[in-house]
Amino acid sequence: MGQPESREGAQVQLPPGQRLQRGWPVTHYGPVPKFKPDRWEFRVFGATADGEKHCWTHEKFTALPYATVVADLHCVTKFSMVGAEWGGIAAATILDLAPPADDVTHVMVWAEYGFSSNLRLSDFASDRTIFATHKGGELLTAEHGFPVRLIVPHLYAWKGPKWVRGVEYMTADRRGFWEERGYHNVGDPWSEQRYSYQEEPGDGPEF
Ligand SMILES: Nc1nc2c(c(=O)[nH]1)N[C@H]1C(S)=C(S)[C@@H](COP(=O)(O)O)O[C@H]1N2
Ligand SMILES: [Mo]
């Protein structure tokens, strides 16, 4: 009793207020974009170290070194999916190939239809943050973010946009899509940073 168990029977530690979800629901705002390989590019822009924009075609992006991370997904609506193996390109790889300028403090991760989420550079630079192309060794499905979604294991799942198209390096913080709509600017599930009214001074920019 007490902690829920994963399918393998191992004890699973969930953040406070979360419950285990069997299966994998689809949760997002708006329609599922259609992938157009010839028009798709992954852009790193804003305050880059060299002042240039860095772009990858789908072919070039998916040819970058492949990494895997086992991580849970915590939706702020209180369900968690545990033990997924995500495969793709580590955020650290992108930071190496397209370094930010010295004064970058935050990033905005941009997705199709203008969806966005802001992260502290330190959260983005975590060695477990990954631009996932695969889950459990299989390509992501369209509903779950194909061709690329971000996974930030230590934050609520809205901090990981599906259908990612790029990263903007920022020298000051700015709120993303859900962060402008009442969700916490940082989003740590272990301290239940769900809503913006819970923010302490320093957690986020003024509205
Ligand atoms: N582009 C985009 N990505 C998004 C969202 C969204 O609304 N748009 N919602 C987030 C939320 S709230 C959650 S819980 C996860 C859900 O991922 P899933 O549908 O693969 O379970 O996607 C996140 N990524
Ligand atoms: Mo969510």
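Every value quoted in this text rests on a predicted model; they were computed, and no experiment measured them. Numbering of ligands and ligand atoms starts at 1, following listing order. All values below were derived from every heavy atom in this structure, side-chain atoms included, with hydrogens, water molecules and symmetry-related copies excluded.
- For atom 10 (C) of ligand 1, the nearest non-hydrogen atom of the protein is W158 CA, 3.6 Å.
- In this structure, Q193 contributes its side chain and D203 its backbone to no donor-acceptor pair below 3.5 Å.
- At distances below 3.5 Å, not a single donor-acceptor pair connects side-chain atoms of E112 with backbone N or O atoms of P33.
- Looking only at heavy atoms of the protein, atom 3 (N) of ligand 1 is closest to K162 N, 2.8 Å.
- Each of F131, F115, W110 was checked for a side chain to side chain contact (heavy atoms under 4.5 Å, CB included) with V164, and the lone residue meeting it is F131.
- Put simply, no part of F177 is less than 4.0 Å from ligand 1, judged by heavy atoms.
- Looking at ligand 1, you'll find an N or O of H144 within less than 3.5 Å of one of its N or O atoms.
- Interface of P25 with ligand 1, defined as ligand atoms under 4.0 Å from a residue heavy atom, comprises 18 (P), 19 (O), 21 (O).
- Distance alone, capped at 3.5 Å, places no donor-acceptor pair between the K78 side chain and the R19 backbone.
- The option with the heavy atom closest to atom 24 (N) of ligand 1, from among A84, S116, G160, A111, is G160.
- Considering backbone and side-chain atoms alike, Y29 places an N or O below 3.5 Å from some N or O of ligand 1.
- For atom 22 (O) of ligand 1, the nearest non-hydrogen atom of the protein is R149 NH2, 3.4 Å.
- Contacts between W163 and ligand 1 below 4.0 angstrom, taking non-hydrogen atoms only, involve the side chain exclusively.
- Close approach to V26 involves these atoms of ligand 1, each under 4.0 Å from a residue heavy atom: 19 (O).
- Remark: ligand 1 atoms within the under-4.0 Å shell around heavy atoms of P161 are 3 (N), 24 (N).
- At a heavy-atom cutoff of 4.0 Å, ligand 1 is contacted by the side chain of L73 but not by its backbone.
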